[in-house]
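Next up is a structure, given as structure tokens.
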2 protein chains.
Amino acid sequence: MEPGGTRAGRPPRLSREAILRSAERILLEEGAEHLSMRRLAKELRSTPMALYHHVRNKDELLLLLLEMHTGEPDGTELPREPRERLLAAARSLRETLANSPWAAAVLAPDARVSASTGRLVTAMVDAAVACGLDRERAVHAYRVIWHYTLGELLVRRSRERARRQDGDTPWERAVRSLDPDVHPVLARCGGRLAEDATTSDYRRGLEAIVDGLLRPGAARPLLAPPRD
Amino acid sequence: MEPGGTRAGRPPRLSREAILRSAERILLEEGAEHLSMRRLAKELRSTPMALYHHVRNKDELLLLLLEMHTGEPDGTELPREPRERLLAAARSLRETLANSPWAAAVLAPDARVSASTGRLVTAMVDAAVACGLDRERAVHAYRVIWHYTLGELLVRRSRERARRQDGDTPWERAVRSLDPDVHPVLARCGGRLAEDATTSDYRRGLEAIVDGLLRPGAARPLLAPPRD
DNA sequence: ACCTGAACACCGTTCAAGT
DNA sequence: ACCTGAACACCGTTCAAGT
């Protein structure tokens, strides 16, 4: 219903790009818990509602941020040998997510965004097929690895966060203040069993998982007879 | 500074127990996202601040709720054979967490509460030792299994939540509204790769992982020579 | 078309006061 | 000792209006 189409009305001062840039700065420098629409608007010397003109809502904003980071290929060359390829893709996935300090915060509420790292996911499924699994089993193998990787990521994150505020998350304070007589388990091991999860721990676990998924027995029929 | 010690001052109308009961009701009937101190106070026909007299803060409240559920032994008898015992303990852990619909919401922000299911955790470590792993490797094995279990739990939860609101989380709406040309990966597989994660998928994966962790090669020295 | 301001319906938590 | 009310410093989002 307009004459030329483009270039009508007031010229924009904000842009989706500028918004994403600012949001990323906040995430990196202040952490995911400080990213809010209001805070972001302040950062841009604008009002909360101006943002809603460039982004549908906060969820879309987070989605775009995740896509921005994981969308760009990370350049690592994957090896050709199938098993090594599977391992390398998994490690690369973990690293990609670990290197955006906020990815975990975005993933936690809705974990299936896993798919946004498509290149690595398909690499993993293909490598699993090349290892001799049928398609169904290959997808299953990918999912097992993804669950392991996500779990490791989230646990490690929560430990780091706790340590960063020198051991005084509200949660930790709460654990410490519990009466050990009434809550023996929590009080006793408030974190002990989750020692430092290192990269080499992840790798060791990953190799065990992959070996397990590729073991000869993996080819047996899916509906194993129930034992009793 | 008081005469008899006990029974001084105004008689309590609220109690920690009553608060926890109400909180659980809200969690079960309305979901974790509706549990707030204010909402809970309203439920109890009281004020937000009255709660703080019985509970240090919201974190402690969640902690107590988790402990309440996972503290009570779930009665399942674990088999004696070590490998089966390991598997059964892991499955039981998953079930315990899966059956409190809010456990995931509590775990997500700080995943190391894993420890609150102490009986199963120690059962797993002990079973791993009985399977022939040394102590260090047994703890590592437990952690690998825990990471897998947590990841699976969170992914499954997020799918269920999405489905419950017949496929219309804000997040999903955001994914759908993305321009597929600009964000090909997310738009293409917005959920496809994370099909229905079933209990049998979990079990299959768990068995593969356990077999991998217990494979003969697991006994080789931890610092394997780097391949190149 | 792009932006603003005020408003709605919420949060967790602190502080000073009441009984 | 237990509870209340008002207040502080926040949220995400909608709606009506301005330029």
Side-chain angles (χ1 to χ4, degrees), chain A residues 1-19 22-23 26-27 30-65 105-106 109-110 168-171 173-174 177, chain B residues 1-19 22-23 26-27 30-65 105-106 109-110 168-171 173-174 177:
Chain A
M1 295 299 194
E2 267 157 13
T6 165
R7 210 171 301 251
R10 186 171 173 169
R13 236 193 48 200
L14 259 43
S15 71
R16 187 175 263 201
E17 245 207 32
I19 290 172
S22 264
I26 294 177
L27 284 168
E30 307 178 32
E33 67 274 27
H34 288 104
L35 179 63
S36 70
M37 299 303 265
R38 298 177 114 106
R39 172 86 187 69
L40 184 53
K42 215 169 265 172
E43 187 87 358
L44 291 158
R45 268 174 249 287
S46 180
T47 59
M49 278 321 294
L51 303 178
Y52 285 84
H53 224 263
H54 300 265
V55 133
R56 176 170 297 235
N57 53 28
K58 193 182 176 182
D59 272 311
E60 195 192 61
L61 178 69
L62 294 176
L63 196 59
L64 290 169
L65 282 166
V106 179
D110 194 336
D168 261 52
T169 30
W171 183 267
R173 260 178 279 127
S177 73
Chain B
M1 294 299 195
E2 265 156 15
T6 164
R7 212 172 300 252
R10 185 173 174 168
R13 237 194 45 202
L14 259 44
S15 72
R16 186 175 265 201
E17 244 207 35
I19 290 172
S22 264
I26 293 177
L27 283 168
E30 307 178 32
E33 67 274 27
H34 287 104
L35 179 63
S36 72
M37 299 302 266
R38 297 178 115 106
R39 173 85 187 69
L40 184 52
K42 214 168 268 173
E43 187 88 358
L44 291 159
R45 268 173 248 288
S46 180
T47 59
M49 278 320 294
L51 303 178
Y52 285 84
H53 224 263
H54 300 264
V55 134
R56 176 169 297 234
N57 53 28
K58 193 182 176 181
D59 272 312
E60 196 193 60
L61 178 69
L62 294 176
L63 196 59
L64 291 169
L65 282 166
V106 179
D110 194 336
D168 261 51
T169 31
W171 183 268
R173 260 179 278 129
S177 74

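Letters go in sequence order (proteins before strands), and every chain restarts at 1. As the structure is a prediction and not an experimental result, all values here were calculated from the model.
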Filtered N/O pairs between nucleotides 14-19 of chain D and protein, under 3.5 Å:
| residue | atom | partner | partner atom | Å |
| --- | --- | --- | --- | --- |
| D:dG18 | N2 | A:R10 | NH1 | 2.6 |

Whichever of A:S46 and A:R38 has its nearest DNA chain C nucleotide further upstream toward 5'
A:S46

Report yes if at least one side-chain N or O of B:H34 is closer than 4.0 Å to OP1 or OP2 of C:dC10; otherwise report no.
no

At what distance, to the nearest 0.5 angstrom, does CG of B:L40 lie from OG of B:S22?
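With rounding to 0.5 Å, CG (B:L40) is 6.0 Å from OG (B:S22).
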
Between P on C:dT13 and CD on B:E60, what's the gap in Å once rounded to a whole number?
11 Å

Tell me: CG of B:L44 to C1' of D:dT4, nearest whole Å?
15 Å

What's the shortest heavy-atom distance between A:L65 and A:A23, and which atoms?
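Result for this residue pair: CD1-CB, 3.9 Å.
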
Is DNA chain D part of any stem, that is, at least 3 consecutive Watson-Crick or G-U pairs with both distances under 3.5 Å, and where?
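Result, WC/G-U stems under 3.5 Å: C:4-8 with D:12-16, C:12-16 with D:4-8.
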
Shortest non-hydrogen contact from B:L27 to B:A32?
CD2-CA, 3.5 Å

Between B:E60 and B:R16, does any NZ, NE, NH1 or NH2 come within less than 4.0 Å of an OD or OE carboxylate oxygen?
yes

Give me the atom names and distance for the closest heavy-atom approach of B:M37 to B:V55.
CE-CG1, 4.4 Å

Quick one: which of C:dT13, C:dC3, D:dT13 gets closest to the side chain of B:K58?
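So the nucleotide nearest the side chain must be C:dT13.
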
Rounded to the nearest Å, what distance is computed from the CG atom of residue A:L51 to the C1' atom of nucleotide C:dT4?
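Rounded to the whole Å, the gap is 12 Å.
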
Round to the nearest Å and state the distance from A:E33 atom CD to C:dG12 atom P.
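For the pair A:E33 CD and C:dG12 P, the rounded distance is 17 Å.
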
Inter-nucleotide P distance (C:dC10, D:dA9), Å rounded
22 Å

Using atom CG of B:L40 as one end and atom P of C:dT13 as the other, report the distance to the nearest whole Å.
13 Å

Whole Å only: how far is the NZ atom of B:K42 from the P atom of C:dG12?
12 Å

Nearest-nucleotide pick for A:H53, side chain only, options being D:dT4, C:dT4, C:dA1:
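Ranking D:dT4, C:dT4, C:dA1 by closest atom to the A:H53 side chain puts C:dA1 first.
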
Given C:dC2, C:dG12, D:dT13, the nucleotide with the shortest approach to the side chain of B:M37:
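Of C:dC2, C:dG12, D:dT13, C:dG12 is nearest to the side chain of B:M37.
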
When you compare the side chain of A:R39 with that of A:I26, does any pair of heavy atoms fall below 4.5 Å?
yes

B:P12 has a side chain; which of C:dT13, C:dC3, D:dC3 sits nearest to it?
D:dC3

What's the CG-P distance between B:D59 and C:dC11, to the nearest Å?
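The answer, rounded to whole Å, is 16 Å.
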
Which atom pair, heavy atoms only, marks the closest approach of B:A41 to B:P48?
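Minimum heavy-atom contact is CB-N, 3.4 Å.
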
Of all the choices, C:dC11, D:dA1, D:dG12, which nucleotide is nearest to the side chain of B:S36 once you look at every atom?
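When the side chain of B:S36 is considered, C:dC11 is the closest of C:dC11, D:dA1, D:dG12.
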
Which whole-number value in Å describes the distance from B:R13 CZ to D:dC3 C1'?
8 Å

With side-chain contact (heavy atoms from CB on, under 4.5 Å) as the criterion, how do B:L51 and B:S46 come out once you've worked through the C-alpha distance, each side chain's angles and the decisive distance to 0.1 Å?
CA-CA 8 Å; B:L51 303 178; B:S46 180; 5.7 Å; no

Which residue, B:R39 or A:A50, contacts DNA chain C at a nucleotide closer to its 5' end, judged by nearest heavy atom?
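Closest to the 5' end, via its nearest nucleotide, is A:A50.
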
Check whether any side-chain N or O of A:K58 sits under 3.5 Å from a backbone N or O of A:L35 as a donor-acceptor pair, and report yes or no.
yes

Minimal non-hydrogen separation, B:L14 against B:A50, with atom names
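That closest heavy-atom pairing would be CD2-CB, 3.7 Å.
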
